[in-house]
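The structure appears right after this line, and notes come after that.
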Amino acid sequence: MKAYVGVTDGDWYRFLAARPALTEANFWRPSGKGEFKVLRPGEPFLFKTHHPHNRVVGGGFFARFVKLRVSEAWEIFGEANGASTLHEMRARVGHYRREPISPADDPVIGCVLLRDTCFFPLDADAGPPPAFAANIVQGKGYDLATHPDARFFHDVVTRLLGGHVEIDLSEPWHLGGPVFGDPRLVPQRLGQQAFKAVVLDAYDRRCAITGDKIRPVLQAAHIRPVHRGGEHRLDNGLLLRSDVHTLYDRGYLAVDPSYKLLVSPRLREEFGNGRQFYERAGHQIALSRQRPDRPQREALEWHLDEVFLR
C-alpha cells in the first residue's frame, strides 16, 4: 500500500475545510502535462500545509487522474475545486501558470480526483509528515509496506475513516461496504462527480452509441443505477448523448455482453421512429481504451433482464 502527501494551496484547503458537506475534491494541477501514477485507486492522499507550518490537515482517497478543461472541471465539480466561482478558479489556475488566462482560452489542467475527503480541526491536525524535506513543492509518495514511520499513516488513515479499522499496509486496500454512507475504501468505487469526469475521459468525449462529440449534451450514464444496486464505477458507466441516455434508461436501447447495440422493437411500435438506432443495431459500441474499464458483463446482463423492453 502507498500513500501520497500533497502540498496544499492554503486558500484551497481552507475553502474546502469550511464546507464539510463536500466529500469529493479535485486536487487540480495548473498544467495539463504529465500524469499522476503514484497511487492506485483507494489509496490515501493526504493534505499538507506549506512550511513552516508543515502539518497534515486532512486527506481523502485517490479515485482517478484525468485531464479536463477548466470549464469541464468547474461544470463537474463546482466548489469541490476549492473555489467559489469559475472566475475565481480561472484566476487561481492563471496564478500558478504565472500568466493570466485570456477570456477565449480554456486550458487543460491535471485533476487528481479524491473521494471521502475530510479535514481535521485546526487544533487537532496530524502533525508533520515523516521525512518531508522543506524544498518539496508538489508532494511525496510513501511505500507503507517498507517505510519505518508507517504507523503515522496508519493513525491518519484511521482518522480519515472515522474510527478504528484494522489495516494491513503491506496489502492492496480493499475493504467492502454498502454504497451509501460507508466511507471505507473500495478501490473501484468513485465519487458521484468523479464518475462523470472519468467516464467523459475514458470515452474520449464521444457518445458510445452515436459517436457524437457535442460536449454539452454528453452525459455519464449508469448501466445499473445506484438506487438499484449499482455503483459509481467506470465499468458501470457509458458516455451517452442526453436523448440516448434517456432511451437507454427506459429500456428502448441496450448493450449486450459482447458490446453490441440492441434496439427494442417497442421504439418503432410506440413512436414510429428510431431509424438511426435500428441502422446501428448489432454493431459494437465504442469502448473505453483500457480493457478493465469496459462495461462489466454482470451490469450489462442486469440491464438486459431488468430494463430492456422486448
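Taking every heavy atom of both residues into account, A254 and L304 meet most closely at CB-CD2, 3.6 Å. Closest of all the heavy-atom pairs between D256 and L262 is CB-CD1, 4.0 Å. Closest of all the heavy-atom pairs between R250 and L309 is O-CD1, 3.5 Å. Contact between L86 and S71 at its shortest, heavy atoms only, is CD1-CA, 4.4 Å. Between P130 and F152 the shortest heavy-atom distance is CD-CD2, 3.6 Å.
In the displayed structure, R289 atom CZ is contacted under 6.0 Å by more than 12 heavy atoms of other residues, nucleotides or ligands. The environment of E35 atom CD is dense: over 12 non-hydrogen atoms of other residues, nucleotides or ligands sit within 6.0 angstrom. Surrounding CZ of R19 are more than 12 heavy atoms belonging to other residues, nucleotides or ligands, all under 6.0 Å away. For I214, the CD1 atom is loosely surrounded, since the number of other residues' heavy atoms within 6.0 Å does not exceed 12. Under a cut-off of 6.0 angstrom, the local environment of CZ in R310 is crowded, with over 12 non-hydrogen atoms contributed by other residues, nucleotides or ligands.
For N236 (side chain) and H222 (main-chain N/O), no donor-acceptor pair under 3.5 Å exists by modelled atom type. The backbone N or O of F77 sits nowhere less than 3.5 Å from a side-chain atom of Q193 that would complete a donor-acceptor pair. Judged by distance alone, with hydrogens and angles left aside, the side-chain atoms of E301 form no donor-acceptor pair with the main-chain N or O of E298 at under 3.5 Å. With hydrogens and angles ignored, the 3.5 Å screen pairs a side-chain donor or acceptor of H147 with a backbone N or O of D149. Using a distance-only test at 3.5 Å, with no hydrogens or angles considered, a donor-acceptor pair links the side chain of Y278 to the main chain of S264. Put simply, the side chain of R92 gets close to the backbone of G82: a donor and an acceptor are under 3.5 Å apart. Of the possible donor and acceptor atoms, none in the side chain of W28 sits under 3.5 Å from a partner among the backbone N and O of V112. A donor-acceptor pair is defined here as one N or O able to donate and one able to accept, closer than 3.5 Å; no such pair exists between the side chain of R228 and the backbone of E306. The main-chain N or O of R206 is never found under 3.5 Å from a side-chain atom of D204 such that the two would form a donor-acceptor pair. Looking only at distances, no side-chain donor or acceptor of S288 sits under 3.5 Å from a matching main-chain atom of Y203.
Under the 4.0 Å criterion applied to side-chain N and carboxylate O atoms, K67 and E72 are not assigned as salt-bridge partners. Ion pair D293/R64 flagged as a salt bridge, since at least one NZ, NE, NH1 or NH2 atom sits closer than 4.0 Å to an Asp/Glu carboxylate oxygen. The pair E99-R97 does not count as a salt bridge, with every side-chain nitrogen at least 4.0 angstrom from each carboxylate oxygen. Checked for salt-bridge contact, D155 and R159 miss the test: no charged N lies under 4.0 Å from a carboxylate O. Salt bridge annotation for D235-R297: absent, with no cationic side-chain nitrogen under 4.0 angstrom from a carboxylate oxygen.
Two residues are said to be in side-chain contact when any heavy atoms from C-beta on lie closer than 4.5 Å; R241 and T246 fail this criterion. A heavy-atom distance below 4.5 Å is not found between the side chains of F65 and C111. Residues F36 and R29 are in side-chain contact: their nearest non-hydrogen atoms beyond the backbone lie under 4.5 Å apart. Between M89 and I109, the closest side-chain pair of non-hydrogen atoms falls below 4.5 Å. Residues Y259 and P295 have side chains in contact (heavy-atom distance under 4.5 Å, counting atoms from C-beta outward). No side-chain heavy atom of P129 sits under 4.5 Å from any side-chain heavy atom of L46. Counting heavy atoms from C-beta outward, R224 and H303 have side chains that stay 4.5 Å or more apart. Considering only heavy atoms from C-beta on, L160 comes within 4.5 Å of F61 through its side chain.
Side-chain contact, Y96 with D9: a donor N or O sits under 3.5 Å from an acceptor N or O. No side-chain donor from either of T23 and D116 sits under 3.5 Å from a side-chain acceptor of the other. Judged by distance alone, the side chains of D249 and H245 do bring a donor and an acceptor atom under 3.5 Å apart. Donor-acceptor pairing under 3.5 Å is recorded for the side chains of Y252 and E270.
Under the 4.5 Å side-chain heavy-atom criterion for grouping Ile, Leu, Val, Met, Phe, Trp and Tyr, V217 is not connected to L238 through any hydrophobic cluster. No continuous path of ILVMFWY side-chain contacts below 4.5 Å connects V108 to V198, so the two sit in separate hydrophobic clusters. If you chain together hydrophobic residues whose side chains sit under 4.5 Å apart, V307 and I209 never meet in one group. Y248 and W302 fall into different hydrophobic clusters, where Ile, Leu, Val, Met, Phe, Trp and Tyr residues are linked whenever their side-chain heavy atoms come under 4.5 Å apart, directly or through other members.
Using a 30° and 60° split on the angle between ring planes, W12 and F27 fall in the perpendicular class, above 60°.
A distance of 8.5 Å separates CG of L261 from CZ of F277, quoted to the nearest 0.5 Å.
A salt bridge (Lys or Arg N to Asp or Glu O under 4.0 Å) with E75 holds for exactly one of R215, R69, K196; it is R215.
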Pair F45-Y4, ring pair (Phe, Tyr, Trp, His ring centres under 6.0 Å): steps then yes or no: CA-CA 5 Å; F45 188 111; Y4 186 84; 5.1 Å; yes

Derivation of the side chain to side chain donor-acceptor pair (under 3.5 Å) call for Q192 and H232: CA-CA 6 Å; Q192 184 176 3; H232 300 306; 4.8 Å; no

